[in-house]
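To start, the structure under review is shown below, and the notes come after it.
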Amino acid sequence: MSPFFYEFDYQGPNKNIYALFDSLTYHTGGLFAGGDIGFKEVGHDVKVFFDTVTNQYQARLKYLDYYARKYKLPKTIHQLAFMEIKADYVGNLLEPMQNIVKDLDFQDYPRGYIDSLNNINFNDPRSFFRSREFALKAYYYVLLYQNRPRLSSRLDDEETFRRVFRTINKHYDNKQIQERLLATLLINNHKHPFSSFDSVLNVYHERYPSSVYRKNIDSLYFNYKSRPRGTVADVLAGQLVDPAGNKATLSDQVGEGPTVIDCWASWCVPCLQQFPFSEELEKKYAGKVKFLYLSFDREPSKWRMKSQTLGLKNSFLLPDDFKSSLANYFEITAIPRYIIINNKNEVVSPEAPRPSNKAALEKILNKLLKN
């Protein structure tokens with residue numbers, strides 16, 4: 001069955017403008033849905049992925065030019081469509097650089113792939129503010145690629161927060177673009193307890209005293225700072241349930257050495273993709289590091305079945321899932337999530353690297369084992 005919008009019958013003098021994106025989707029795949037192209041679908045092969053998304057990008061541009069000539073589209077509409085197509089292409093190119101399921105670094109990418117990313121210009125305000133998606137991709141371009149020292153580096157730590165701040169200041173001269181990017185940085189990180197957050201926020205206030213984003217940023221940060229968060233003791237006293245239905249607490253399960261807490265669920269595909277990497281690390285650190293699997297499933301039977309299928313040891317159900325003391329304290333709103341606690345019940349890493357980022361996670365564990 002065709003998607004519902006293919007059945008629309010546009011009328012009026014501007015019907016060809018209204019039908020543009022539907023027609024584009026019909027012929028070249030949906031924008032911002034990868035056009036059914038994903039990194040996983042090509043076997044995580046960066047060359048094949050690059051060739052595939054680039055061919056799609058070029059086909060879209062070709063179709064846009066054809067459509068614009070045939071229906072005499074206004075230049076403004078033509079330019080808007082071009083920016084939407086380009087934003088989708090940038091998003092596709094950046095997808096593998098999240099390193100969710102396969103560790104890659106810059107040398108693993110074809111020269112043409114890197115050249116394509118280097119040639120993207122987000123510094124033109126006419127383009128930046130013409131398309132909301134293009135502006136959004138500009139931020140992720142800075143986060144995932146621009147001035148990033150290596151692709152194995154984390155994306156949620158203070159070092160990255162500072163890098164993104166420096167990059168925006170250095171490479172984006174237009175004040176409006178800079179204001180928008182810095183606002184996005186602050187909004188996306190207002191829940192992280194970075195020591196440099198307040199100083200970056202102060203710079204933003206001084207530089208843009210009348211910013212339209214200021215009220216939203218200040219409100220989010222104030223609500224975060226004043227919320228009742230609980231304590232680590234509350235987290236450790238939180239109730240767990242083992243596969244036999246017996247109750248336990250998190251403190252009962254903390255190992256003699258470091259403990260890696262894996263927050264997952266049977267329905268979470270990214271969680272399941274990480275288990276082969278977790279299994280490898282668990283074998284390597286056997287007897288030294290404990291891996292504790294806390295399920296956010298709401299149906300115990302599905303958790304038990306999946307735990308059994310995966311052969312998980314130390315698998316427990318977190319009865320209150322996203323409303324639990326653990327989720328509240330660590331502000332877990334999405335999974336997978338990895339937390340490291342030492343043998344003194346101290347939180348070492350509230351947002352540890354995923355097991356697929358083997359080098360980064362091993363670095364933390366090896367340091368703990370030396371102490």
Stepwise salt bridge (charged side-chain N to carboxylate O under 4.0 Å, His left out) test for D45 and K47: CA-CA 6 Å; D45 185 314; K47 186 180 185 306; over 6 Å; no
Candidate pair K283 and E279, rule salt bridge (charged side-chain N to carboxylate O under 4.0 Å, His left out), full reasoning: CA-CA 6 Å; K283 289 179 180 178; E279 183 179 5; 3.7 Å; yes
Verdict with reasoning, E362 to K284, per salt bridge (charged side-chain N to carboxylate O under 4.0 Å, His left out): CA-CA 10 Å; E362 285 190 351; K284 180 174 182 176; 3.0 Å; yes
R69 and D65: CA distance, side-chain angles, deciding distance, salt bridge (charged side-chain N to carboxylate O under 4.0 Å, His left out) verdict: CA-CA 6 Å; R69 288 195 306 271; D65 288 342; 5.1 Å; no
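Taking a 6.0 Å sphere around CZ of F322, one finds it holds more than 12 heavy atoms contributed by other residues, nucleotides or ligands.
The six-membered or imidazole ring of F39 lies near that of H44, with a centre-to-centre distance under 6.0 Å. The aromatic ring centres of Y71 and Y67 sit less than 6.0 Å apart. Taking the six-membered ring for Trp and the full ring otherwise, the centers of W303 and F296 sit at least 6.0 Å from each other. Taking the ring centroids of Y293 and F275, they lie under the 6.0 Å cut-off. With ring centers used as reference points, Y285 lies 6.0 Å or more from F291. For an aromatic pair to be called close, the ring centres must be under 6.0 Å apart, and Y172 with F122 fails this.
Between the SG atom of C263 and the CG atom of D321 there is a distance of 11.0 Å, given to the nearest 0.5 Å.
Among R214, Q178, K175, the single residue meeting the side-chain hydrogen bond (donor to acceptor under 3.5 Å, both in side chains) criterion with Y208 is Q178.
Here V269 sits alone; no ILVMFWY side chain lies under 4.5 Å from its own, so it joins no hydrophobic cluster.
When atom types are taken as modelled, the side chain of N246 and the backbone of D242 share no donor-acceptor pair closer than 3.5 angstrom.
N202 and S199 share no side-chain donor-acceptor pair at under 3.5 Å. There is no side-chain donor-acceptor pair under 3.5 Å between R60 and N55.
Transitive grouping of hydrophobic side chains (ILVMFWY, heavy atoms separated by less than 4.5 Å) brings Y89 and Y141 into a common cluster.
In this structure K358 satisfies the side chain to side chain donor-acceptor pair (under 3.5 Å) test together with E280, sequence neighbours excluded.
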